[in-house]
Number of protein chains: 2
Amino acid sequence: MTQYQDQTHLLVAVDCIIFGFDNEELKLLLIKRDFEPERDKWSLMGGFLRPQETADEAAKRVLHRLTGLQDVYLDQVHTFSAPGRDPVERTVSIAYYALINIEDHNEELSEQHGAKWFSLKEAPKLIFDHEQMVTAAIQKLRYKTSVQPIGFELLPEKFTMRQLQKLYEAILDEELDKRNFVKKINQLDILTKLDEKDMTSSKKGSYLFQFDQSKYEKQASKGFSLKLANQL
Amino acid sequence: MTQYQDQTHLLVAVDCIIFGFDNEELKLLLIKRDFEPERDKWSLMGGFLRPQETADEAAKRVLHRLTGLQDVYLDQVHTFSAPGRDPVERTVSIAYYALINIEDHNEELSEQHGAKWFSLKEAPKLIFDHEQMVTAAIQKLRYKTSVQPIGFELLPEKFTMRQLQKLYEAILDEELDKRNFVKKINQLDILTKLDEKDMTSSKKGSYLFQFDQSKYEKQASKGFSLKLANQL
DNA sequence: TCAAAAGTGTTGCGCATACACCCATGG
DNA sequence: CCATGGGTGTATGCGCAACACTTTTGA
């Protein structure tokens with residue numbers, strides 16, 4: 001049986017672009033590298049692919065190690081393979097982005113890794129090609145958001161319309177009209193309006209909503225015909 | 001300096017989904033595997049990543065080997081990494097799709113590889129996860145086509161509106177209205193109408209058009225605001 | 001003269017956008 | 001009672017989709 005013995009074997013890694021949302025802007029969870037080269041520089045959380053796992057599983061593992069979270073929304077973005085991208089040794093890296101609720105993650109764990117949230121616009125320089133990865137991830141997130149309603153992973157279970165709107169504004173980086181936004185979301189018919197109100201943001205209080213998986217699936221099967229963003 | 005010595009090294013490959021167009025439907029260039037396992041089964045053209053090349057370069061190389069073509073339109077689709085996907089040895093594969101003019105490729109070369117064009121709908125079973133790759137490639141191609149005018153790579157240098165329409169219909173797998181189509185393409189303003197006519201398709205003859213790179217760039221910088229497909 | 005493909009404009013409707021006022025309540 | 005954010009409806013215009021007839025000419 002033919003073997004592939006003469007071929008070069010390479011390191012394969014995953015790197016995770018971890019998005020969070022603080023009700024104002026999109027955030028990125030970055031870690032401070034604690035080994036050479038580039039010690040103390042900021043970087044994405046990553047890890048090498050192990051013999052018996054898929055890249056998706058590796059990304060999940062890496063994410064769990066940093067945040068303590070399971071079942072995180074993950075999406076493969078792009079694979080980076082320039083020979084010199086990691087100066088230590090050639091490594092092909094598969095970039096993933098993750099959407100997590102910023103409140104949920106285990107702070108102890110992430111502190112152990114020297115992790116910190118940065119707003120997208122104030123993120124520090126990153127090592128290697130990690131900034132390219134972030135750029136590609138945002139683009140993909142934006143695209144996904146504009147064709148299908150994702151992003152609820154970034155919010156608490158119960159949220160107000162206002163929060164959701166702020167989230168979309170942060171992802172798309174444009175302001176949206178309050179009334180039109182509510183109309184669109186309601187047309188999507190994937191949320192349940194609760195009887196509860198959130199009283200922290202105003203005197204009147206604002207209704208809380210909840211993502212409804214079964215509604216979502218019903219609508220998804222019809223195809224989301226609704227345009228959430230002005231342009232892709 | 002920390003090294004990554006304890007980590008598993010893997011084979012990394014690229015696989016190419018090669019699209020062509022015969023004025024009627026989308027075609028796929030497949031090769032017959034001439035080694036075990038799965039000898040004589042149909043497969044995508046692929047190759048292993050070499051020490052000093054990026055994945056993009058590897059895809060170009062593989063494509064050149066099969067078709068004799070240089071400077072082919074290539075787009076990375078997705079990376080496949082299931083541990084058992086290649087039974088010989090674990091291989092992570094980065095899938096690319098390529099758009100080529102079906103008339104252009106070197107037939108000798110492709111015959112040497114036992115390559116053959118198949119219409120998308122009549123393609124044979126493929127080895128490993130290659131069918132998944134094809135599916136993912138079509139989706140990405142469809143998406144790209146609907147947000148920016150690509151696909152001219154699939155046509156001869158001079159082509160008729162009718163050919164272009166057929167191409168879009170093949171990619172999007174839906175019928176388009178002739179008059180609306182012409183309007184949309186004209187609005188894009190990226191083609192030059194020639195004084196020549198193609199006389200092979202009808203008695204009247206139909207005008208030939210040519211893709212105009214400089215017009216394209218001018219329009220691209222404004223962003224293509226035009227919707228070519230009904231839905232993404 | 002007829003068959004076959006090419007070329008061309010108009011209308012109506014649906015959807016997205018733009019826009020402003022009242023409500024409820026805590027302080 | 002007032003300040004703050006929450007919640008809601010309508011009118012307009014544009015862009016997309018639907019639609020049919022005339023032209024050309026080779027056979």
Side-chain angles (χ1 to χ4, degrees), chain A residues 23-24 145-149 155-156 158-169 172 174-189 191-210 219 222-232, chain B residues 22-24 145-147 149 155 158-169 172-189 191-210 219 222-232:
Chain A
N23 288 331
E24 282 303 323
T145 305
S146 71
V147 295
Q148 70 181 232
L155 293 173
K158 301 172 182 182
F159 50 85
T160 67
M161 271 292 168
R162 195 76 191 147
Q163 279 176 288
L164 187 60
Q165 184 181 343
K166 288 265 190 183
L167 171 62
Y168 273 86
E169 288 178 341
L172 301 170
E174 64 181 308
E175 303 222 323
L176 302 172
D177 180 90
K178 191 166 54 158
R179 286 160 291 187
N180 294 337
F181 182 78
V182 170
K183 248 180 293 176
K184 284 182 193 179
I185 297 297
N186 285 336
Q187 279 173 74
L188 282 173
D189 191 26
L191 298 183
T192 303
K193 185 175 189 167
L194 303 176
D195 277 332
E196 282 172 80
K197 283 190 162 195
D198 168 90
M199 301 307 293
T200 60
S201 62
S202 77
K203 335 251 158 152
K204 189 180 175 183
S206 53
Y207 283 104
L208 288 165
F209 291 78
Q210 209 170 196
Q219 300 305 321
K222 298 183 197 170
F224 297 105
S225 53
L226 230 60
K227 191 170 96 174
L228 287 166
N230 287 333
Q231 76 290 342
L232 290 188
Chain B
D22 69 352
N23 287 331
E24 280 303 322
T145 306
S146 72
V147 295
L155 293 174
K158 300 172 181 180
F159 50 86
T160 66
M161 272 292 170
R162 193 75 192 147
Q163 280 176 288
L164 187 60
Q165 185 182 341
K166 287 266 190 183
L167 171 61
Y168 272 86
E169 288 178 342
L172 301 170
D173 196 29
E174 64 180 307
E175 304 221 323
L176 302 172
D177 179 89
K178 191 165 54 157
R179 287 159 291 188
N180 293 337
F181 183 78
V182 170
K183 250 179 293 173
K184 283 182 193 179
I185 297 298
N186 285 335
Q187 279 173 71
L188 283 174
D189 191 26
L191 298 183
T192 303
K193 184 176 189 167
L194 304 175
D195 277 332
E196 281 172 82
K197 283 191 163 192
D198 169 89
M199 301 307 292
T200 61
S201 62
S202 76
K203 335 252 158 149
K204 188 179 177 182
S206 53
Y207 282 105
L208 287 166
F209 291 79
Q210 210 169 195
Q219 300 305 320
K222 299 184 197 169
F224 298 104
S225 52
L226 229 59
K227 190 170 96 176
L228 287 166
N230 287 332
Q231 76 290 341
L232 289 186

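Convention: sequence-line order gives letters A, B, ...; per-chain numbering from 1. Worth saying up front: this structure is predicted, and the values here are computed from it rather than measured.
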Distances under 3.5 Å only, N/O to N/O: pair up the protein atoms with those of nucleotides 7-11 of chain D.
unit_1, atom_1, unit_2, atom_2, d
D/dG7, OP1, A/Y207, N, 2.7
D/dG7, N7, A/K178, NZ, 3.1
D/dG7, O6, A/K178, NZ, 3.1
D/dT10, O4, A/K183, NZ, 2.7

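Partners of B/E24 under the salt bridge (charged side-chain N to carboxylate O under 4.0 Å, His left out) rule, at least two apart in sequence or in another chain, are B/K166. Residues satisfying the side chain to side chain donor-acceptor pair (under 3.5 Å) criterion with B/N23, sequence neighbours excluded, are B/Q163. Every residue meeting the side-chain contact (heavy atoms from CB on, under 4.5 Å) condition with B/K193, not counting sequence neighbours, appears here in chain and number order: B/Y207, B/F209. Legend: residues meeting salt bridge (charged side-chain N to carboxylate O under 4.0 Å, His left out) with B/K158, ordered by chain and number and at least two apart, are B/E196. Under the side chain to side chain donor-acceptor pair (under 3.5 Å) criterion, B/E169 pairs with B/Q165, sequence neighbours left out.
Between the P atom of D/dG5 and the CD atom of A/Q165 lies a distance of 14 Å, rounded to the nearest Å. When rounded to the nearest whole Å, the span between CD of A/E175 and P of C/dA16 equals 20 Å. Across the protein-nucleic acid pair, B/N23 atom CG and C/dA5 atom C1' stand 14 Å apart, rounded to whole Å. Atom CG of A/D198 is separated from atom P of D/dG6 by 9 Å (rounded to the nearest Å). Separating the CG atom of B/L176 from the P atom of D/dA17 is a distance of 9 Å, rounded to the nearest angstrom. Taking atom NZ of A/K203 as the reference point, atom P of D/dC1 lies 17 Å away to the nearest angstrom.
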Determine, stepwise, if the pair A/D177 / A/K183 fulfils side chain to side chain contact (heavy atoms under 4.5 Å, CB included).
CA-CA 10 Å; A/D177 180 90; A/K183 248 180 293 176; over 6 Å; no

